Structures are given as structure tokens and as C-alpha cells.
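Worksheet: the structure to be examined is printed underneath.
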Amino acid sequence: MLENKVAVVTGASRGIGYGIALELASLGANLVVNYNSSAASIQQLVETIQTQYPMVQVHAVQANVADFTQAQTLIDTAMDTFGRIDILINNAGITKDTLLMRMSEADFDAVNDVNLKGTFNCMRHAIKPMMKQKYGRIINLSSVSGIAGNAGQVNYAASKAGVIGMTKSLAREVATRNITVNAIAPGFIETEMTGQLNETVQQAIKAQIPMQRFGQVEDIAKTVAFLSSDVANYITGQVITVDGGMTM
Ligand code: NAP
């Protein structure tokens, strides 16, 4: 379904990004997979893809997406390697949760630098080649926190609400160029990020979810695959919530 397409996935060394990269590889996309610090995990991802999907070309690129110049290197490497970028998945993200009264300026800035500015940086560098190609699929990872808010996540919710605003604005700017820009707002998905929550908090959250369970990485990866594919050609500027019915 995605043969001959080139996808860049940020934050692919763990969790949702790792699952997205595997899903896109399974559909035949060539990949540039980004990481910041987890070199061993990205190497494991590359080897897994090479073994399971030998027709797929995959390159790992270390870059801190919060840094404008490093984000440029990531996108330039994809262009130098493959000559095009069809799909950009802005997945890299961090949390630094605490109540506002205890939240430091550094906690606010760090989360917004990666989640919001990192997404801006990668879109900013990828948009020119996509406009030249007259083709692009940009998918940004937001969160239900950015829609409904979440106590302890003023910094994170701000970054994820900002991602939605950027998604809709860019979608309007580039729609005539056959570039779609959409966001996915996951609820609670089982990864290291949610693994940090203690058992009591996890149970309290599950009680708020109509399906009464956390989602799996595959639930997000399949939604990314759908939005990346030509089946979704007429969908742009949307936020698809994947949360077991938690927000309606
Ligand atoms: P995770 O398991 O903590 O993984 C985060 C990934 O982001 C890692 O691969 C990490 O790479 C990368 N990353 C962090 N800072 C980076 C930076 N400055 N530059 C490049 N890469 C960086 O997180 P996750 O749960 O898979 O979440 C993935 C995305 O989904 C995030 O945007 C998150 O906000 C969003 N989301 C997750 C949930 C959930 O329930 N899990 C819910 C809503 C939204 P290194 O390890 O190499 O640093």
C-alpha cells in the first residue's frame, strides 16, 4: 500500500514511534527513523525491519527535533538518501508532569521545545520538498490532554493543543498542493510514557474510559497507516481521537 513512498518518523526508538515505523515498513514504505538518545533501541528497530521486510530501506538518524538545525539535518538526510519525503510523522514527545504551582519554567520550556517546536521544526524543513513534489502526508501526534486538559499537564496540554492549531493552520496553507496535514490524539496507550503512572492512577484513569482499558501502540500505528495512505486523500486538518471513547 505504501511501496515507493518515503516516510520520516520522529522519536521512533520506543513506544508509539517504534510501532508506527514497523507498521509503515510492513506496508512497504522506505524509512528514515529518528531518535535522540536511545541508540541501541533504534538499532534494534533497524535490524528488525531489515529482517522482517528486506525490500524496505531504513536509515536511522540521531537528531534532537527541538533544535532547528538538527531537525534540518534529519530532513536533509532523508532527501539526500531518497530524493523525496512523502510522509512525515511528528511523534517525538516528552512529559514533565506536575501541578502548575510546582511547575518550573524549565519544565514548561522543555516539553514545549520538543512537542511543539520540534513539530514546527520538522514541518518547516519538510514542507518545501513536499510542495515541490505536490504530494505530502503530515501526521502530528497530539493528545487528548490537548483537547480536554489534564491536571498535572499544563505544559504538555499546551504543547499538544498547540500541535492541533499548527496542524489546522498548515492544512489550510498547503491543501491545494495535495498535502494533507492531520493530527492524532491518543488517549492512554501502553508505553513507557504511561508506564510511569502508578497502579492507583492507572486504575482511576481506566474507570474514565468506556472501554475500561488502555490502548495499544498498534491502535495508533494503524490510524497513522490509514492517514498516510491514499484512502485518506480527502481528509485534512482533522484531529482523530483514538482513546477508547474517553473523550466524546
Ligand atoms: P515514549 O515511549 O516516551 O517515547 C518517546 C520517543 O520520543 C522516544 O523514541 C524518544 O527518543 C523520542 N524523543 C524524545 N525527545 C526527543 C527529541 N528531543 N528529539 C527526538 N526524539 C525525541 O513516548 P510514547 O508514549 O511512545 O509517545 C509518543 C508520542 O505520542 C508523543 O508525542 C506523546 O506525547 C504522544 N502521546 C502518547 C500517549 C500515550 O499514552 N503513550 C498519549 C497521548 C499522546 P529517545 O529515547 O531516543 O530520546
Side-chain angles (χ1 to χ4, degrees), residues 10-11 13-17 20 34 36-38 64-68 70-71 89-124 138-171 181-211 213-215 217 219-220 223-224 237-248:
T10 70
S13 53
R14 282 186 280 125
I16 292 172
I20 290 170
N34 157 255
N36 187 31
S37 55
S38 304
N64 172 5
V65 295
D67 183 290
F68 192 72
Q70 292 185 37
I89 315 296
N90 285 304
N91 165 80
I94 61 169
T95 51
K96 286 190 184 292
D97 296 355
T98 189
L99 296 174
L100 177 74
M101 65 175 82
R102 290 198 212 109
M103 191 174 286
S104 67
E105 185 184 6
D107 288 341
F108 185 87
D109 287 347
V111 167
N112 278 277
D113 280 352
V114 177
N115 301 3
L116 183 63
K117 192 167 169 232
T119 299
F120 165 79
N121 288 343
C122 294
M123 294 198 305
R124 176 68 181 78
I138 298 176
I139 298 155
N140 296 325
L141 269 288
S142 178
S143 165
V144 291
S145 294
I147 297 171
N150 194 19
Q153 291 199 316
V154 161
N155 50 358
Y156 183 79
S159 73
K160 294 301 188 179
V163 163
I164 292 174
M166 289 200 300
T167 299
K168 294 184 176 187
S169 300
L170 183 60
V181 191
N182 291 291
I184 296 174
F188 287 85
I189 307 298
E190 278 180 17
T191 67
E192 281 180 37
M193 194 175 265
T194 44
Q196 293 166 12
L197 304 168
N198 70 41
E199 191 55 34
T200 314
V201 174
Q202 291 199 19
Q203 289 310 325
I205 294 166
K206 284 176 189 166
Q208 310 284 319
I209 303 173
M211 289 189 182
R213 59 178 175 81
F214 286 177
V217 163
D219 296 318
I220 307 303
T223 311
V224 167
Q238 302 305 305
V239 183
I240 300 192
T241 302
V242 183
D243 69 350
M246 192 172 65
T247 55
M248 295 189 192

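This is a predicted model, so every value here is computed, not measured. Heavy atoms only: backbone and side chains are in, while hydrogens, waters and symmetry mates are out.
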Please step through side-chain contact (heavy atoms from CB on, under 4.5 Å) for the pair Met123 and Asn90, ending with a clear verdict. CA-CA 8 Å; Met123 294 198 305; Asn90 285 304; 3.5 Å; yes
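- Applying side-chain contact (heavy atoms from CB on, under 4.5 Å) to Ile89 and the options Ile184, Ile138, Ile20, Asn34 leaves one that passes, Ile20.
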As a quick check of understanding, evaluate side-chain contact (heavy atoms from CB on, under 4.5 Å) for Asp67 and Asn121, giving each step before the final call. CA-CA 8 Å; Asp67 183 290; Asn121 288 343; 5.7 Å; no
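- Between Asn182 atom CG and Ser142 atom OG the span is 12.0 Å, to the nearest 0.5 Å.
- Nearest approach of Asn91 to Thr10, heavy atoms of both residues: N-OG1, 2.8 Å.
- Considering only heavy atoms from C-beta on, Val144 comes within 4.5 Å of Thr241 through its side chain.
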Assess whether side-chain contact (heavy atoms from CB on, under 4.5 Å) is satisfied between Leu141 and Ile220, documenting all intermediate values. CA-CA 9 Å; Leu141 269 288; Ile220 307 303; 4.0 Å; yes
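- Of the inter-residue distances, the one linking Ile16 atom CD1 with Ile189 atom CD1 reads 5.5 Å to the nearest 0.5 angstrom.
- Atoms OG1 and CD, on Thr167 and Gln238 in that order, are 10.5 Å from each other to the nearest 0.5 Å.
- Residue Thr98 comes nearest to Met103 through the heavy atom pair O-CE, 3.2 Å, listed as atom of the first residue, atom of the second, then distance.
- Judged by distance alone, with hydrogens and angles left aside, the side-chain atoms of Asp107 form no donor-acceptor pair with the main-chain N or O of Lys96 at under 3.5 Å.
- Looking only at atom types and distance, the side chain of Glu192 has no donor-acceptor partner in the side chain of Gln196 under 3.5 Å away.
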Going through the checks in order, is the side-chain contact (heavy atoms from CB on, under 4.5 Å) test met by Met166 and Leu116? CA-CA 9 Å; Met166 289 200 300; Leu116 183 63; 3.6 Å; yes
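- In plain terms, the two heavy atoms of Asn115 and Gly93 that are nearest each other are OD1-CA, 3.2 Å.
- Ala185 approaches Val239 most closely through the heavy-atom pair CB-CG1, 3.9 Å.
- Put simply, CD on Gln202 and CD on Glu190 are 7.5 Å apart, with the number rounded to the nearest 0.5 Å.
- The nearest pair of heavy atoms linking Ala157 to Gly149 is CB-CA, 4.5 Å.
- Within the model, atoms CD of Gln203 and CG of Asn198 stand 10.0 Å from one another, a figure rounded to the nearest 0.5 Å.
- Counting all heavy atoms, side chain and backbone alike, Gln153 lies closest to Ser145 at OE1-OG, 2.6 Å.
- With values rounded to the nearest 0.5 angstrom, Ile147 atom CD1 is found 9.0 Å from Met246 atom CE.
- When only modelled atom types and interatomic distance are considered, Thr119 and Asn140 share no side-chain donor-acceptor pair under 3.5 Å.
- No donor-acceptor distance shorter than 3.5 angstrom exists from the side chain of Thr95 to the backbone of Asp97, with no hydrogens or angles considered.
- Judged by the 6.0 Å distance and 45° axis criteria, Lys206 is positioned over the aromatic ring of Phe214.
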